[in-house]
Amino acid sequence: MQIYVCGSSTDVGKTHFCAAFCEAFSYEYFKLIQAGENKDSNLVASFAKDVKIYKEGVFLKTPASPHIGKKLEGLNYKAFDIVLPESKNLLIETAGGLFTPLDEEKCMIDYLALNAKPCILVASYYLGCINHIILSIEALRQRQLPLLALVMSGKKDEDIDNFVFKYSGVKIVHLEHFNKENFRQKALALRQDLIRVAKF
């Protein structure tokens with residue numbers, strides 16, 4: 001199965017989740033668009049040592065919204081021209097949130113809807129996260145994109161979890177921050193939780 005990993009916003013833990021998921025389920029990794037020379041694939045590789053990593057769909061040196069980086073670097077790509085690798089078990093990480101631009105006309109969610117696959121939504125705990133999470137869930141539902149699970153990254157906040165679950169009905173999995181020493185343990189715990197919640 002090919003799965004999209006999307007975020008409720010930027011810097012919510014998508015890449016750390018991808019590393020743990022690829023380790024736990026022996027999945028391959030693909031970054032739809034990389035904005036910035038500090039590649040997310042390098043972080044995935046630093047933790048999940050045996051994961052197969054494909055070259056990103058588009059590479060931008062500029063660490064900014066892709067439509068800005070594209071203009072500054074004079075690149076000539078179209079969002080819908082990005083080709084996904086032919087892999088049975090592939091985790092596809094998007095950039096930013098669902099409505100982050102992919103080029104001058106299309107957003108991440110437009111690409112997801114055109115090439116529909118199950119999604120995992122990653123979010124973290126901060127002031128305003130409930131709004132971002134529920135808006136993201138509603139957007140995925142509107143585009144009829146299956147949502148396998150919501151992954152909350154960071155220190156657990158039960159008040160936030162309870163509200164999001166009661167309002168949306170989406171089951172929540174937690175991913176605590178990890179390091180090189182406890183990565184394998186956290187990845188296996190994530191595997192058990194996802195199997196229970198999303199029935200992998």
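Residue indices begin at 1 and follow the sequence shown.
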Expected list for residues 104-112: side-chain donor-acceptor pairs under 3.5 angstrom, two or more places apart:
unit_1 : atom_1 : unit_2 : atom_2 : d
E104   : OE1    : K70    : NZ     : 2.8
E104   : OE2    : K70    : NZ     : 3.2
D110   : OD1    : R143   : NH1    : 3.0
D110   : OD2    : C107   : N      : 2.7
Y111   : OH     : I82    : O      : 2.6

Tabulate below the donor-acceptor pairs under 3.5 Å that side-chain atoms of residues 145-156 make, not counting sequence neighbours, or state none.
none

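Legend: residues meeting side-chain hydrogen bond (donor to acceptor under 3.5 Å, both in side chains) with T62, ordered by chain and number and at least two apart, are E73. With sequence neighbours excluded, no residue forms a side-chain contact (heavy atoms from CB on, under 4.5 Å) with A189. Considering only residues two or more places apart in sequence or on other chains, F165 meets the ring-ring contact (aromatic ring centres under 6.0 Å, His included) condition with none of them. Take P63 and apply the side-chain contact (heavy atoms from CB on, under 4.5 Å) test, not counting sequence neighbours, and it matches no residue. With sequence neighbours excluded, the residues satisfying ring-ring contact (aromatic ring centres under 6.0 Å, His included) with F47 are F178, F183.
The shortest heavy-atom contact between I53 and S41 is CD1-O, 3.4 Å. L84 and Q2 make their closest contact through CD1-OE1, 4.0 Å (heavy atoms, listed as atom of the first residue, atom of the second, distance). Closest non-hydrogen pair, A20 versus A187, comes out as O-CB, 3.6 Å. Minimum interatomic distance between L121 and S8 (heavy atoms only, all atoms of both residues): CD1-N, 3.7 Å. Looking at every heavy atom in both residues, L91 comes nearest to C22 through CD2-SG, 4.0 Å. Closest of all the heavy-atom pairs between A35 and A64 is CB-O, 3.5 Å.
Both cation-pi conditions hold for K39 and F59: the charged atom is under 6.0 angstrom from the six-membered ring centre and inside a 45 degree cone around its axis.
The list of salt bridge (charged side-chain N to carboxylate O under 4.0 Å, His left out) pairs with a residue in residues 157-183, not counting sequence neighbours, reads E176-K186. Within the structure, the side chain to side chain donor-acceptor pair (under 3.5 Å) test picks out the following pairs touching residues 127-141 (sequence neighbours left out): Y126-H132. Residue pairs satisfying the salt bridge (charged side-chain N to carboxylate O under 4.0 Å, His left out) criterion with at least one member in residues 2-31, sequence neighbours excluded, are listed as follows: E23-R184, K31-D40, K31-E93. Each ring-ring contact (aromatic ring centres under 6.0 Å, His included) pair with one or both residues in residues 62-104, not counting sequence neighbours, would appear here, but there are none.
Counting only distance, with no hydrogens or angles, the side chain of N42 and the backbone of A45 share no donor-acceptor pair below 3.5 Å. The backbone N or O of V173 lies less than 3.5 Å from no partner atom in the side chain of D193, so there is not a single donor-acceptor pair.
Rounding to the nearest 0.5 angstrom, the gap separating the CG atom in L140 from the CG atom in L98 is 5.0 Å. Note that OG of S65 and CG of L60 are 9.5 Å apart. Values are rounded to the nearest 0.5 Å. Taken to the nearest 0.5 Å, the CG atom of L188 stands 8.0 Å off from the CZ atom of R191.
Residues I3 and L190 are members of one and the same hydrophobic cluster, defined by side-chain heavy-atom contacts under 4.5 angstrom among Ile, Leu, Val, Met, Phe, Trp and Tyr. Two different hydrophobic clusters hold L175 and I172 under the rule that ILVMFWY side chains link at heavy-atom gaps under 4.5 Å. Note: the hydrophobic cluster containing Y27 also contains L43 (ILVMFWY, side chain heavy atoms under 4.5 Å, direct or indirect links). Residues I137 and Y125 share a single hydrophobic cluster, defined by chaining ILVMFWY side chains whose heavy atoms lie under 4.5 Å apart. Cluster membership check: I92 does not share its hydrophobic cluster with I120, using side-chain heavy-atom separations under 4.5 Å among Ile, Leu, Val, Met, Phe, Trp and Tyr.
Remark: K117 NZ is packed, more than 12 non-hydrogen atoms of other residues, nucleotides or ligands lying under 6.0 Å away. Heavy-atom contacts from other residues, nucleotides or ligands closer than 6.0 Å to CG of D81 number more than 12. The 12-atom threshold is exceeded at CG of N179, counting heavy atoms of other residues, nucleotides or ligands nearer than 6.0 Å.
Here Y29 and Y54 keep their ring centres 6.0 angstrom or further from each other.
Other residues sharing a hydrophobic cluster with L72 under the 4.5 Å side-chain heavy-atom criterion for ILVMFWY residues are I68.
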Report task. Evaluate the criterion side chain to side chain contact (heavy atoms under 4.5 Å, CB included) for residue pair F21 and L194; output intermediate values, then yes/no. Result -> CA-CA 9 Å; F21 185 97; L194 281 171; 3.7 Å; yes
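Side chains of V51 and V44 form a contact here, defined as non-hydrogen atoms less than 4.5 Å apart. With a 4.5 Å cut-off on side-chain heavy atoms, L90 and P85 count as touching. Between V164 and V170, the closest side-chain pair of non-hydrogen atoms is not below 4.5 Å. In this structure, the side chains of V5 and F17 come closer than 4.5 Å at one or more pairs of heavy atoms. In this structure the side chain of F163 reaches within 4.5 angstrom of the side chain of I134, judged on heavy atoms. Taking the side chain as every heavy atom from C-beta outward, T100 and T10 never approach each other to under 4.5 Å.
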